[in-house]
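See structure below.
Heavy atoms only: backbone and side chains are in, while hydrogens, waters and symmetry mates are out. Note that ligands are numbered from 1 as they come in the structure, with each ligand's atoms numbered from 1 the same way. In what follows, residues are counted from 1 in the order of the sequence shown.
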Amino acid sequence: MAVASIKEIKQKALEELKAISDLSQLSEYRVKYLGKKGVITLALKALKDLPPEERRILGAELNELKDFLEERLDSLKRELLLAEEDRLTDFDITLPGRRPEIGTLHPLTKTIREICDIFLRLGFEIVSGPEVESDYYNFTALNIPEWHPARDMQATFYLENGALLRTHTSPIQIRTMLQRTPPIRIIAPGKVYRCDADVRHSPMFHQIEGLMVDSDVSFADLKGILTYFAKETFGERTKVRFRPSYFPFTEPSLEMDISCVICDGEGCRVCSNTGWIEILGAGMVHPEVFRAVNYDTEKWQGFAFGLGVERITMLKYGIDDIRLFYDNHLYFLDSFKTL
Ligand code: DAH
């Protein structure tokens, strides 16, 4: 071995050292130069064949190179390990974030809130009542005695103890009038139950009841307030019409229709080509109802109304199957996020 070849080894070793960029290259390098059959190890072994003077000089040089490389490789290994760790725990700040899924109000809740808001602006107050009702509040006090055929209009779920699931929100009228003295302006949203099920009917659905009692409430107030409600809910251009009807708890009774929201009154499938859609029942509070709550019929008059929340929501959004409200499929619920 000559001095020149040791210089060459050193030069190549230092050059290759600079090119190491990962841990596998580093261990290859260590084997190549410092392993059992490594370039430096073999060169050190070859020293024994040299004359003493040369052996001393070249030996010192080779050992110095070996020590230097060992130290360099150790520190380089630590650096590369740290870099690797960084790389694994690092995250790319340019990646778009994951949006948290945000829920939305159920369409029925939306409608209930919108309708309540309209009546709150008119000075009405929100009240509620129990879903398990007595026969008395649900029927009798509303002028629907035991023998009355109007009980057939509402297929009722009776409980074993004689109580029932309220078939409408009207019993809240009775409860409110018993608790308070006029003037009364209340609106009462809630669940009601009837033994009925198809694409338009569900055994549980929602109604909103309204009641206004004062010393000079007239049929004109009823028409004015319900017309305002219809235009606020379905749009300013909405037309309304009042048809005579029958409810045991009002006299006179009426049903209110709005001009069809789909065809604007032209006639279509939704309005059965009539151009009109029924949206609520109403009337002047029947004297028998006032008598049931001990109100002086000479002193007080009032009007009441009841509407179906599902029906109004279906009309507002063009939904044709009531069951969509209760299935809670996200694709259905999500479609109300932007509305
Ligand atoms: N309770 C009636 C029903 O469920 C709706 C109704 C009609 C309520 C007329 C009223 C009213 O307060 O005056 O069909």
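- No option in Gln207, Glu131, Lys191 other than Gln207 meets the side-chain contact (heavy atoms from CB on, under 4.5 Å) test with Thr169.
- The list of salt bridge (Lys or Arg N to Asp or Glu O under 4.0 Å) pairs with a residue in residues 280-296, not counting sequence neighbours, reads Glu288-Arg291.
- When Gln207, His168, Glu209 are ranked by how near their heavy atoms come to atom 12 (O) of ligand 1, first place goes to Glu209.
- Under 4.0 angstrom from ligand 1, there are no non-hydrogen atoms of Phe303.
- No cation-pi contact links Arg166 to Tyr193, judged by a cut-off of 6.0 Å to the six-membered ring centre and 45° from its axis.
- Each of the following atoms of ligand 1 lies closer than 4.0 Å to a heavy atom of Phe305: 8 (C), 10 (C), 11 (C), 12 (O), 13 (O).
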| request: Verify side-chain contact (heavy atoms from CB on, under 4.5 Å) between Glu255 and Leu280, making sure each step is shown before the conclusion. | output: CA-CA 6 Å; Glu255 276 169 330; Leu280 58 79; over 6 Å; no
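- Residue contacts with ligand 1, taken as heavy atom pairs separated by less than 4.0 Å, involve Ala304 via backbone and side-chain atoms alike.
- Arg56 meets the salt bridge (charged side-chain N to carboxylate O under 4.0 Å, His left out) test with Glu53; sequence neighbours excluded.
- Ring geometry for Phe124 against Phe303 counts as tilted: the plane angle lies between 30° and 60°, on a 0 to 90° scale.
- Residue contact check: Phe247 has heavy atoms under 4.0 Å from atoms 7 (C), 9 (C) of ligand 1.
- Interface of Thr250 with ligand 1, defined as ligand atoms under 4.0 Å from a residue heavy atom, comprises 13 (O).
- For ligand 1, the polar-atom distance check against Ser170 finds a nitrogen or oxygen pair separated by under 3.5 Å.
- Under a 4.0 Å criterion applied to the non-hydrogen atoms of Gly283, ligand 1 contributes the atoms 13 (O).
- Short contacts between ligand 1 and Gln173, defined as distances under 4.0 Å to a heavy atom of the residue, involve ligand atoms 12 (O).
- Counting heavy atoms of neighbouring residues, nucleotides and ligands inside a 6.0 Å radius, atom CZ of Arg113 does not exceed 12 of them.
- Contacts between Arg194 and ligand 1, counted as non-hydrogen atom pairs separated by less than 4.0 Å, involve the side chain only.
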